[in-house]
There are 2 protein chains.
Amino acid sequence: MSARRKFRREGEERRRQDLIDATLDSVAEHGLEGATLRTIALRAGVTAGLIRHYFPGKEDLLQEAYATLMGRMTEQAKAALAMEDASPRQRLAAFVTANLDAPIIDQRVFSLWATFIGRAGADPTLARAHREGYLGFRNEVEAVVAEVLAAERRKPDAAELRHHAIAINAIIDGLWIEGCLAGEMFSPGELAAIGIKAVEAELGLGPLELKGGNQ
Amino acid sequence: MSARRKFRREGEERRRQDLIDATLDSVAEHGLEGATLRTIALRAGVTAGLIRHYFPGKEDLLQEAYATLMGRMTEQAKAALAMEDASPRQRLAAFVTANLDAPIIDQRVFSLWATFIGRAGADPTLARAHREGYLGFRNEVEAVVAEVLAAERRKPDAAELRHHAIAINAIIDGLWIEGCLAGEMFSPGELAAIGIKAVEAELGLGPLELKGGNQ
DNA sequence: AGGCTATTTATACACTTGCACAACAACGCC
DNA sequence: GGCGTTGTTGTGCAAGTGTATAAATAGCCT
């Protein structure tokens, strides 16, 4: 009667990934407090003991899960800047749009981000991870801004450029939060439109078509 | 030898407030997971059992703590708009500044906000509380924006006004986050300056002194 | 097919958690 | 001053936590 549970041996990489995904799901659903080893294991379809086989402790699992999350977020965000054959201004607009539409606007990802970042004040490791991700993101923004202004024959100094990047970063972040927390209050594409207009206003860019502007 | 601990009977309101403050401190420092009844009680200078005397359960305590936090945040934020004898534009600038300088820019408050808001996706009560706070805030912004534009003889329609409010809200939120998470990267007043410039750009306001502007 | 090994399960354990309850003592009232 | 009320403490408990470790078995190699 000792019916021991059947199981399959998955590859190491696969199991680690499954466990990390199960961890992120658990955290998103029940918060850090509710993400217990047993909950995570249940979600991953294994028993709790197995986790210790792949991770030294719970803390390590959480850390790797957060790193994975950040990696996915920044990867998706930067991908929008990759368009080769487009004007700087178009690329900037595409970047803003990419950050303010699905799948970046996502309540689950936001919950994860907020839950983890809430501990940045107490956890220096987390704080540094965020700092690096943030600076990387801002540098990308700054680079595109430089290109956009160069195309307009404007020569901003370093401080000006930095301020623009900070402001644009804030616009994107702020709208991202609004969209994640109250997505149904905005029609599709509305946030992106607001974002593009705000960013172009920040950079002092006039409307694209100079003639025929009624209003 | 049964040296029972000495104690004082505090007023009910005082005790509740102390417990709530101790709860917020605990959450800010150790996250929701680390905020146990015993930790909270220790911080409040009482024993754990007492909490049950004032709150039906831990969940209720956390809920009240969150409500208190939100109340303080919005109260401080709105207070900046109260200036009576000032031009709309000055009041808007003061509002932005108030939200981007101490004591609103504060890592502890941010940690609390993030920790709680991270559960908004799973907790409808929290989600609604946030929604109301957010809309209240945005309506305030919208009202000032309307005044500012009116003073400039501009007559925006409702949609335009709404978009401005959303964008300005995003700018403030985004800069607030940047400041809380990496405050030492910005010189004092820098975020506020960036914010004001960004907001005025969003509204299409020219520089205040039209003549003599030597860059 | 049969054995080896490392993945996986299952159980145990010390500890913490939220909650319940009885004993106690601080303070207001007479 | 004594007394009753009730705010407060201390202890207990069942459930759940992370971790440790022994037992089992799936899948590969020959």
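Everything numeric here is computed off the predicted structure, so don't read it as measured data. Residue numbers start from 1 in every chain, and the chains themselves are labelled A, B, ... in the order their sequence lines are given, proteins ahead of strands.
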In whole angstrom, give the distance that lies between atom CG of B:Leu42 and atom P of C:dT17.
11 Å

Phosphate OP1/OP2 of D:dT25: any A:Arg5 side-chain N/O under 4.0 Å
no

Look at the side-chain N and O atoms of A:Tyr54 and state whether any lies under 4.0 Å from the OP1 or OP2 oxygen of C:dT7.
no

Quickly work out the A:Arg15 CZ to C:dA6 C1' distance and round it to whole Å.
13 Å

Parallel, tilted or perpendicular for A:Trp113 and B:Phe110, by the 30°/60° rule?
perpendicular

May I ask you to evaluate whether B:His53 reaches the phosphate of D:dG7, defined as a side-chain N or O under 4.0 Å from OP1 or OP2?
yes

B:Ile51 CD1 - D:dT8 C1' separation (whole Å):
12 Å

Polar atom pairs between nucleotides 18-21 of chain C and protein, under 3.5 Å, N or O only, would you list them?
unit_1 : atom_1 : unit_2  : atom_2 : d
C:dG18 : OP1    : B:Lys58 : NZ     : 2.5
C:dG18 : OP2    : B:Leu37 : N      : 2.8
C:dG18 : N7     : B:Arg38 : NH1    : 2.9
C:dG18 : O6     : B:Arg38 : NH2    : 2.9
C:dC19 : OP2    : B:Lys58 : N      : 3.1
C:dA20 : OP2    : B:Arg52 : NE     : 3.1
C:dA20 : OP2    : B:Arg52 : NH1    : 2.5
C:dA20 : OP2    : B:Arg52 : NH2    : 2.1

Is there a donor-acceptor pair under 3.5 Å between the side chain of B:Glu178 and the backbone N or O of A:Ala170?
yes

Rounding to an integer number of Å, can you tell me how far A:Glu10 CD sits from C:dT9 C1'?
15 Å

DNA chain C nearest-nucleotide lookup for B:Thr39 and B:Arg8: closer to the 5′ end is B:Thr39

If the condition is side-chain hydrogen bond (donor to acceptor under 3.5 Å, both in side chains), which residues does A:Glu59 pass it with, not counting sequence neighbours?
A:Arg119

Measure from CD on B:Glu13 to C1' on D:dG7 and round the result to the nearest Å.
15 Å

What class does the angle between the rings of B:Phe137 and B:Phe95 fall in, given that below 30° is parallel, 30 to 60° is tilted and above 60° is perpendicular?
tilted

Is it the case that the base of C:dT9 and the side chain of A:Arg4 share a donor-acceptor contact (distance under 3.5 Å, atom types as modelled)?
yes

May I ask you to check whether A:His164 and A:Glu142 show a side-chain donor-acceptor distance below 3.5 Å?
no

Can you check the B:Phe7 CZ to D:dT9 P distance for me, whole Å?
6 Å

Mind checking if A:Glu12 touches a base, just sugar-phosphate, or nothing, with heavy atoms under 4.0 Å?
nothing

Under 3.5 Å, is there a donor on one side chain and an acceptor on the other for B:Thr36 and B:Thr39?
yes

A:Phe55 CZ - D:dG18 P separation (whole Å)
15 Å

From CG of A:Leu50 over to C1' of D:dA20, roughly how many Å is that when rounded to an integer?
15 Å

Nearest heavy-atom pair of B:Arg89 and B:Val148: which atoms, and what distance?
N-CG2, 3.8 Å

